[in-house]
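Take a look at the structure below.
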Amino acid sequence: MKTYPMFIGGRAVDAGATFAVVNPALGEPFARVQDAQVQHVDAAVAAARAAFPAWSATPDAERQALLHALGAALEAHTPELMELVTRETGKPLAGLDNVGAGMELGGAIAWTHVTADLALAPEVLQDDATARVEVHRKPLGVVASITPWNWPLMIAIWHVIPALRTGNTVVLKPSEYTPVATSRFVELANAILPPGVLNLVTGAGAIGAALAGHADVDKIVFTGSTRTGKRIMEGAAATLKRLTLELGGNDAGIVLPGADVAALAPRLFGAAFHNNGQTCACLKRLYVHDSQYDAMCAALARLAIDVRVGDGMDPQTQLGPVQNRAQRDIVQALADDARACGGQVLAGGRARPGPGYFFEPTIVAGLSNGARLVDEEQFGPILPVIRYADVDDAVRLANDNPNGLGGSVWGDPALAVAVGRRLECGTVWINEHGAVQPDAPFGGIKQSGIGVEFGRHGLAEFTSIQTVKIMKA
Ligand code: NAD
């Protein structure tokens, strides 16, 4: 079994202790990573701090070229990295609607190149006989990146590349459940980047907390649960660290009356079940008009029964296991609660016996807001389908939630846009759900987060503004 090192100051580092990473399709360890101590966090932050002056002063074009080289390294190692992603997350190589490890690598590569080409040119606000006023962007310093287990490599890229692009240095801590592909990426990156520009520490929540609370970290970019995000925000107060928090979602989709059920059902199913529902912006609550409710529930249940569930290394597999046992237990508890409060389980509803953390894709009818499965983020393969009587009611129910990441409306585009603009969420999709792109800002409102990622808006979050006023008279 291979053991992966950390990287601090450009060197591979062993912590003296390691922990196992489990393949959720088999329930067995397949790799080991370093079990960092707080002293490694201190060393990584010090290495990032030492590398900051030279990296932030590196000419823009040189930094861009190095980031494109990282994209090329990801491309060159795609088969190896895809396999590591599948083994650690359980997601299939291809997957339902081609949302699998291949997409994770493709996305990581695309985001790297697109972000490398972005720029934040100085703005001129005034230039007259009295004065010239310019707005410049400066890097913040040392960025701590803390990532979750659902899209580990792609989310690491989402954090690291814009941070480096704008001249910051980084200490990255991946999820303890899925640190392997990220460790390999950092190893590849350290053959390209100057020492200390990108550092890696591996460990569980205590190491994340030590990094997030470190006095010499200037910014934290965190993707994960709302609960952890709140803790990070508390810890950031002591030194007023800048924050980007991409937190939980409980995205609603509204199907407008008159929809073509047969045509929409597979697309709605894909939006809800790709990566086994373990995507922040999966469709997590589906509101369907009374007139089509029964037909839509039946179509979704048929798709859930027919979808191919198995080991993600099998190219035929569409859905893999839930990524870890604790998450599968959450999904089981939500299914049990749904039954107890009158929900009808139309497909699935049970963990699959045998090795691995499999759960049958599950469709639940007959619930509404107030049931746990509707109000809480399930983050797994179980979808509540909720009946509504009129569109105003659907909008009210969709907004009746503390989360505000994404939302979608399905139907005639003009009407759907008008309804979508009323949803309380950071992104609204019309006739799709959950698709993100590297040039469009993405982030949550309400308790789904603070700030955005991607595009120029996302890049700006890794900088501070310096206003320069030059008097002429
Ligand atoms: P999590 O909050 O349990 O863990 C995320 C990371 O935080 C891990 O690396 C973990 O070790 C670390 N951590 C744990 N406690 C910490 C602490 N006290 N201080 C600092 N770091 C700590 O989340 P998860 O279960 O890995 O991820 C699932 C969640 O992530 C879901 O809620 C999902 O919606 C959310 N998510 C959001 C987005 C988005 O863009 N909004 C994207 C992906 C996932």
Side-chain angles (χ1 to χ4, degrees), residues 19 21 24 33 35-36 38 41 88-89 91 104 107 111 144-159 171-179 182-183 200-214 217 220-236 241 243-251 274-284 322-331 376-380 401-407 425-427 434-436 440-454 458 461:
F19 63 91
V21 182
V33 298
D35 196 4
V38 171
V41 173
E88 65 184 338
T89 64
K91 80 177 48 148
E104 179 144 9
W111 254 267
S145 152
I146 302 176
T147 58
W149 47 255
N150 58 341
W151 291 91
L153 182 62
M154 193 155 71
I155 291 175
I157 292 292
W158 290 353
H159 290 184
V171 179
L172 169 57
K173 194 214 78 75
S175 167
E176 58 275 34
Y177 288 112
T178 55
T182 306
S183 296
L200 174 86
V201 290
T202 44
I207 289 300
L211 177 59
H214 198 291
V217 165
I220 305 163
V221 51
F222 170 75
T223 303
S225 63
T226 300
R227 187 173 42 85
T228 306
K230 289 178 181 176
R231 290 218 193 125
I232 286 178
M233 195 168 178
E234 280 169 17
K241 295 182 203 330
L243 291 171
T244 302
L245 301 177
E246 296 289 356
L247 309 178
N250 193 354
D251 289 12
H274 77 256
N275 200 30
N276 245 342
Q278 302 166 121
T279 298
C280 52
C282 264
L283 200 174
K284 292 175 179 154
V322 175
Q323 198 282 326
N324 57 75
R325 187 190 296 274
Q327 188 64 36
R328 187 179 69 172
D329 291 348
I330 290 171
V331 173
E376 298 176 20
E377 181 186 35
Q378 64 275 56
F379 219 61
N401 196 275
N403 293 290
L405 189 57
C425 53
T427 300
V436 293
F442 172 74
I445 63 168
K446 295 161 79 174
Q447 293 189 32
S448 286
I450 293 178
V452 294
E453 295 184 280
F454 316 154
E461 299 223 355

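Counting convention: from 1, in listed order, for ligands and their atoms alike.
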Completion exercise
Closest to atom 41 (N) of ligand 1 (heavy atoms only, candidates Val436, Thr202, Leu247, Leu172) is Leu247

Completion exercise
Check: of Ser175, Gly229, Cys280, Ala326, min heavy-atom distance to atom 38 (C) of ligand 1 comes from Cys280

Return the residue, atom name and 0.1 Å-rounded distance of the protein heavy atom closest to [atom].
atom	result
atom 18 (N) of ligand 1	Arg231 NH1, 3.8 Å
atom 35 (C) of ligand 1	Gly224 O, 3.2 Å
atom 22 (C) of ligand 1	Thr228 CG2, 3.4 Å
atom 33 (C) of ligand 1	Phe379 CE1, 3.3 Å
atom 7 (O) of ligand 1	Phe222 CE1, 3.3 Å
atom 1 (P) of ligand 1	Ser225 OG, 3.6 Å
atom 14 (C) of ligand 1	Gly205 CA, 3.5 Å
atom 11 (O) of ligand 1	Glu176 OE1, 2.6 Å

Problem - atom 4 (O) of ligand 1 within contact range, any protein heavy atom under 4.0 Å - result: no

Would you mind listing which atoms of ligand 1 come within a distance below 4.0 Å of any non-hydrogen atom of [X]?
X	answer
Leu405	41 (N)
Ile232	19 (N), 20 (C)
Gly208	19 (N), 20 (C), 21 (N)
Asn150	43 (C), 44 (C)
Trp149	24 (P), 25 (O), 26 (O)
Ala204	11 (O)
Glu246	37 (C), 38 (C), 39 (C), 40 (O), 41 (N)

Practice task
May I ask whether Pro174 has any heavy atom positioned less than 4.0 angstrom from an atom of ligand 1?
Solution key: yes

Exercise for the section: Answer with yes or no whether Gly249 contacts ligand 1, where contact means a heavy atom under 4.0 Å from a ligand atom. Expected result: yes

Applying a 4.0 Å heavy-atom criterion (strictly less than), which segment of [X] is in contact with ligand 1: side chain, backbone, both, or neither?
X	result
Thr226	neither
Trp151	neither
Phe442	side chain
Glu377	side chain
Thr147	backbone

Sub-4.5 Å side-chain heavy-atom contact between [X] and [Y]:
X	Y	value
Val217	Val171	no
Asp251	Cys425	no
Trp149	Thr89	no
Leu172	Leu200	yes
Leu243	Ile220	yes
Val436	Trp158	yes

Interatomic spacing from [atom1] in [X] to [atom2] in [Y] - rounded to 0.5 Å:
X	Y	atom1	atom2	answer
Glu377	Leu247	CD	CG	10.0 Å
His214	Lys241	NE2	NZ	8.5 Å
Thr147	Glu246	OG1	CD	13.0 Å
Leu153	Ser183	CG	OG	10.5 Å

Exercise for the section: Please check if the side chain of Asn403 supplies one atom and the backbone of Leu405 the other of a donor-acceptor pair under 3.5 Å. Expected result: no

Problem - Under 3.5 Å side-chain donor-acceptor pair for Gln447 and Thr226 - result: no

Practice task
Return yes if a side-chain donor-acceptor contact under 3.5 Å exists between Gln278 and Lys91, otherwise no.
Solution key: no

Exercise for the section: Would you mind telling me which of Ile450, Thr244, Val221 makes a side chain to side chain contact (heavy atoms under 4.5 Å, CB included) with Glu461? Expected result: Thr244

With respect to [X], determine whether any N or O atom, backbone or side chain, lies less than 3.5 Å from an N or O atom of ligand 1.
X	value
Gly203	no
Lys173	yes
Thr223	no

Practice task
Mind running side chain to side chain contact (heavy atoms under 4.5 Å, CB included) on Trp151 and Thr223 for me, showing each step along the way?
Solution key: CA-CA 10 Å; Trp151 291 91; Thr223 303; over 6 Å; no

Practice task
Evaluate side chain to side chain contact (heavy atoms under 4.5 Å, CB included) for Lys284 paired with Phe379, printing each intermediate quantity in order.
Solution key: CA-CA 8 Å; Lys284 292 175 179 154; Phe379 219 61; 3.8 Å; yes

